[in-house]
Amino acid sequence: GNSVTQMEGPVTLSEEAFLTINCTYTATGYPSLFWYVQYPGEGLQLLLKATKADDKGSNKGFEATYRKETTSFHLEKGSVQVSDSAVYFCALRIASYGKLTFGQGTILTVHP
Amino acid sequence: DAGITQSPRYKITETGRQVTLMCHQTWSHSYMFWYRQDLGHGLRLIYYSAAADITDKGEVPDGYVVSRSKTENFPLTLESATRSQTSVYFCASSEAQKDRGAEAFFGQGTRLTVV
């Protein structure tokens with residue numbers, strides 16, 4: 001079956017610190033990979049995506065590279081801000097289906 | 001208003017009652033989904049639909065019923081609510097799979113409490 005595993009949270013950082021949130025996956029087939037973000041009280045929003053091996057997705061200073069050899073899609077940001085405090089979800093989708101499979105989410109809190 | 005809307009935003013119901021959560025999207029997206037969000041489990045797929053009158057079970061379908069008579073609506077019904085169904089429910093929609101990276105758009109969620 002398909003599954004996504006994210007690093008345990010919560011993650012607490014000071015402003016301007018470097019962020020890494022690990023994500024690994026197992027999939028039957030060739031997945032597309034996504035990072036979604038959920039701000040307090042809101043639904044999920046797409047943060048970035050990658051659809052094939054070695055693709056790098058990027059948005060708002062966040063980056064993630066699709067690594068097929070390690071089945072990983074780790075999220076990174078060089079300098080976090082207080083406004084980045086949110087829950088981050090890694091997800092995959094197999095091309096022939098519409099449904100997303102999510103990881104358990106990682107809570108990020110950034111302090112001034 | 002354009003987008004995907006869920007109603008109600010908050011609901012408290014009693015064990016054994018039937019409750020329906022509504023989801024409406026204005027894009028005419030083919031795919032629609034219902035997820036539940038629980039601490040430690042992330043989002044788990046309850047049901048999904050590839051088009052009007054086509055629905056299929058997800059990971060955790062027991063105790064839920066869906067229908068999709070119109071492309072834009074995808075209601076989720078709890079036939080006899082149980083406390084284990086206390087959760088935050090999210091509806092989502094996306095285009096048909098022409099694009100491997102097609103984005104799923106989420107509603108703001110319905111917080112359901114079963115007492």
Side-chain angles (χ1 to χ4, degrees), chain A residues 1-10 21 23-25 27 29-53 55-59 64 66 73 86-107, chain B residues 3-7 9-10 21 23 25 29-51 54-61 66 68 71 74 87-111:
Chain A
N2 303 320
S3 66
V4 176
T5 302
Q6 291 181 230
M7 65 184 290
E8 293 281 340
I21 301 177
C23 171
T24 58
Y25 68 90
Y30 194 175
S32 296
L33 301 173
F34 304 81
W35 277 100
Y36 278 81
V37 60
Q38 183 183 29
Y39 298 106
E42 298 184 9
L44 279 72
Q45 306 171 24
L46 179 65
L47 180 60
L48 53 84
K49 65 183 181 184
T51 59
K52 61 183 187 294
D55 268 3
K56 178 185 284 187
S58 61
N59 186 27
Y66 189 143
F73 193 53
V87 184
Y88 292 82
F89 291 93
C90 186
L92 68 81
R93 182 170 62 213
I94 300 300
S96 57
Y97 299 96
K99 55 187 176 180
L100 286 159
T101 299
F102 286 90
Q104 66 268 44
T106 301
I107 300 172
Chain B
I4 182 165
T5 55
Q6 293 183 235
S7 61
R9 289 292 310 277
Y10 304 92
L21 310 184
C23 179
Q25 53 105 352
H29 284 167
S30 296
Y31 283 100
M32 294 189 75
F33 313 89
W34 276 106
Y35 290 90
R36 58 178 291 173
Q37 182 179 20
D38 303 291
L39 193 64
H41 292 281
L43 275 79
R44 293 180 291 177
L45 183 66
I46 304 171
Y47 269 95
Y48 66 105
S49 169
I54 301 174
T55 62
D56 206 351
K57 296 178 180 179
E59 184 183 353
V60 289
V66 293
R68 195 166 176 207
T71 300
F74 192 40
S87 186
V88 180
Y89 291 84
F90 285 100
C91 179
S93 71
S94 71
E95 289 276 6
Q97 284 298 95
K98 299 174 186 177
D99 174 6
R100 286 169 52 82
E103 179 179 354
F105 294 86
F106 284 78
Q108 289 193 294
T110 295
R111 184 175 294 276

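Naming: A, B, ... by sequence-line order, numbering from 1 per chain. Worth saying up front: this structure is predicted, and the values here are computed from it rather than measured.
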J.: Taking atom CG of A:Leu100 and atom CG of B:Leu45, what is their separation to the nearest 0.5 Å?
T.: 9.0 Å
J.: Suppose we screen for side chain to side chain contact (heavy atoms under 4.5 Å, CB included). Which residues come up paired with B:Gln6, at least two apart in sequence or across chains?
T.: B:Trp34, B:Phe90, B:Cys91, B:Thr110
J.: Given heavy-atom pairs under 4.5 angstrom as the criterion, report whether the side chain, backbone, both or neither of A:Gln38 touches chain B.
T.: side chain
J.: Sequence neighbours excluded, which residues qualify as salt bridge (charged side-chain N to carboxylate O under 4.0 Å, His left out) partners of B:Asp38?
T.: B:Arg36, B:Arg44
J.: Rounded to the nearest 0.5 Å, how far apart are CD of A:Gln104 and CG of B:Leu43?
T.: 11.5 Å
J.: Rounded to the nearest 0.5 Å, how far does CD of B:Gln108 lie from CD of A:Glu42?
T.: 6.5 Å
J.: Just how far is it from atom OH of A:Tyr36 to atom CZ of B:Phe106, taken to the nearest 0.5 Å?
T.: 5.5 Å
J.: Under 4.5 Å from any heavy atom of chain A, what part of B:Phe105 do you find: side chain, backbone, both or neither?
T.: neither
J.: Examine whether an atom of B:Ala104 lies under 4.5 Å from a heavy atom of chain A, and if so say whether it belongs to the side chain, the backbone or both; otherwise answer neither.
T.: both
J.: Less than 4.5 Å to any heavy atom of chain A: does that hold for the side chain of B:Gln37, its backbone, both, or neither?
T.: side chain
